[in-house]
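For reference, the structure discussed in these notes is given below.
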Amino acid sequence: MAYHYHITRAVFWNADPDPIRMEEVEQMAELLPPGFQIDWDGVLEVRTPYGIETEPIGPCLFYQDYYAPEDRVYVRFQEEVPWFALEDPSKLEPFLALAELLNAAVQDDDGLIYS
């Protein structure tokens, strides 16, 4: 089961009056932690029992571990607080580095802050 995490500067992600925007991330593109890339098309491939389907998610950021290139984690913006899903919380490290770059924090759905 995947858990949702949010990148925010607010005390609680669900009440963020000024969420981080994709344009802000673009301005820092050269400083992004290793493994992160901007995807302006934002088309996610989803494996289903019926084959591979595509889901347009708009401009996003994705993380791809050098040692596990088949596993991409997408940070979705869609005019809301950026969020991503992970099954294993021990793999949060690159996202914590991203949040630090943005002067933000990573929170789960319940508001628990990770550092």
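Just so we're clear, the structure is a prediction, and the values are computed from it rather than from any experiment.
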Next on the checklist: Applying side chain to side chain contact (heavy atoms under 4.5 Å, CB included) to F77 and E23, what does each step give before you reach the verdict?
Outcome noted: CA-CA 10 Å; F77 288 79; E23 293 78 17; over 6 Å; no

Next on the checklist: Is there a side chain to side chain contact (heavy atoms under 4.5 Å, CB included) between M22 and I38? Walk through the geometry before answering.
Outcome noted: CA-CA 9 Å; M22 190 66 190; I38 295 174; 3.2 Å; yes

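Clustering ILVMFWY residues whenever any of their side-chain heavy atoms sit less than 4.5 angstrom apart, transitively, puts I57 in a cluster other than the one holding W83. Under a hydrophobic-cluster definition in which Ile, Leu, Val, Met, Phe, Trp and Tyr are linked whenever side-chain heavy atoms come within less than 4.5 Å, directly or via other members, L96 and L112 are assigned to the same cluster. Cluster annotation: V73 is connected to W40 through the hydrophobic network of ILVMFWY side chains, with a link wherever side-chain heavy atoms come within less than 4.5 Å.
The nearest pair of heavy atoms linking M28 to L101 is CE-O, 3.8 Å. Counting all heavy atoms, side chain and backbone alike, C60 lies closest to V75 at CB-O, 3.2 Å. When every heavy atom of P94 is checked against every heavy atom of P33, the shortest pair comes out as O-CG, 4.3 Å.
Note: F95 and Y63 have perpendicular aromatic rings, judged against thresholds of 30 and 60 degrees for the angle between ring planes.
Each of I20, L102, V106, T8 was compared with P82 under the side-chain contact (heavy atoms from CB on, under 4.5 Å) criterion, and only I20 meets it.
Annotation: the span from L92 atom CG to Y3 atom OH amounts to 12.0 Å, rounded to 0.5 Å. Atoms CG and CG, from L31 and L98 in turn, are 11.0 Å apart once rounded to the nearest 0.5 Å. How far CG of L61 is from OH of Y74: 11.0 Å, rounded to the nearest 0.5 Å.
With contacts defined as side-chain heavy-atom distances shorter than 4.5 Å, the pair V25/L32 qualifies. Taking the side chain as every heavy atom from C-beta outward, D71 and D65 never approach each other to under 4.5 Å. Between E80 and D16, the closest side-chain pair of non-hydrogen atoms is not below 4.5 Å. The closest side-chain heavy-atom distance from R76 to L44 is below 4.5 Å. W13 is not listed as a side-chain neighbour of D108, based on a closest heavy-atom distance of 4.5 Å or more.
In this structure, D41 contributes its side chain and V43 its backbone to no donor-acceptor pair below 3.5 Å. Q107 places a side-chain N or O within 3.5 Å of a backbone atom of V11 that can act as its donor or acceptor partner.
Residue-environment remark: CD (E93) stays at or below the threshold of 12 foreign heavy atoms within 6.0 Å.
Residues that satisfy the ring pair (Phe, Tyr, Trp, His ring centres under 6.0 Å) test with Y5, not counting sequence neighbours, are F84, Y114.
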